[in-house]
Amino acid sequence: MPDPKPCPVCGGTQFSVGFEETERGVAAFLICDACDEIDETHGPLGQPCGTDADAESEAVLAWNRFIEKHTG
């Protein structure tokens, strides 16, 4: 699994993972630990998966794609 890119808001590199149950499985998103309480910095949902571990990996990929798209 690749490392998540730094937060675009604060530059933080420590993240928590949030999970959501969907019709197709569990999906996850990254939450920046440094600025979440102030800015609610959450990443996009990753693809739904069968396990929490796979969902977490998808969340990192979704976060990195989001960062690349918005920071060039």
Side-chain angles (χ1 to χ4, degrees):
M1 171 172 59
D3 290 328
K5 295 185 181 289
C7 175
V9 176
C10 72
T13 57
Q14 298 297 311
F15 299 92
S16 298
V17 181
F19 294 94
E20 277 188 29
E21 289 292 328
T22 72
E23 292 178 10
R24 298 183 330 181
V26 64
F29 56 94
L30 294 187
I31 305 163
C32 176
D33 290 342
C35 68
D36 176 57
E37 288 186 24
I38 298 168
D39 295 319
E40 296 183 10
T41 308
H42 297 210
L45 278 175
Q47 293 294 318
C49 298
T51 68
D52 286 358
D54 288 344
E56 185 174 345
S57 293
E58 285 295 321
V60 171
L61 294 174
W63 173 269
N64 287 347
R65 284 191 299 267
F66 176 78
I67 300 303
E68 288 171 6
K69 181 178 178 181
H70 292 289
T71 61

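This one's a predicted model, so the numbers in the text were calculated from it and none came from an experiment.
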| field | No-hydrogen, no-angle side-chain donor-acceptor test under 3.5 Å, Thr51 and Asp54 | value | yes
Might you point out which heavy atoms bring [X] and [Y] nearest each other, and give the distance in Å?
X: Cys10; Y: Ala34; result: SG-CB, 3.7 Å
X: Pro6; Y: Gly11; result: CB-O, 3.7 Å
X: Pro8; Y: Trp63; result: CD-CZ2, 3.9 Å
X: Ala28; Y: Ala55; result: CB-O, 3.5 Å

At what distance, to the nearest 0.5 angstrom, does [atom1] of [X] lie from [atom2] of [Y]?
X: Cys49; Y: Glu56; atom1: SG; atom2: CD; value: 11.0 Å
X: Lys5; Y: Phe15; atom1: NZ; atom2: CZ; value: 11.0 Å
X: Leu30; Y: Asn64; atom1: CG; atom2: CG; value: 8.0 Å

| remark: Residue set satisfying side-chain hydrogen bond (donor to acceptor under 3.5 Å, both in side chains) with Asp33, at least two apart, ordered chain then number -> Ser16
| task | Kindly indicate whether the side chain of Val60, heavy atoms from C-beta on, has any atom under 4.5 Å from the side chain of Pro2. | result | yes
| message | Holding to ring-ring contact (aromatic ring centres under 6.0 Å, His included), I want the full list of residues that pass it with Phe66, two or more places apart in sequence or in another chain. | response | His70
| field | Linked hydrophobic residues, Leu45 as query - side chain contacts closer than 4.5 Å | value | Phe29, Ile31
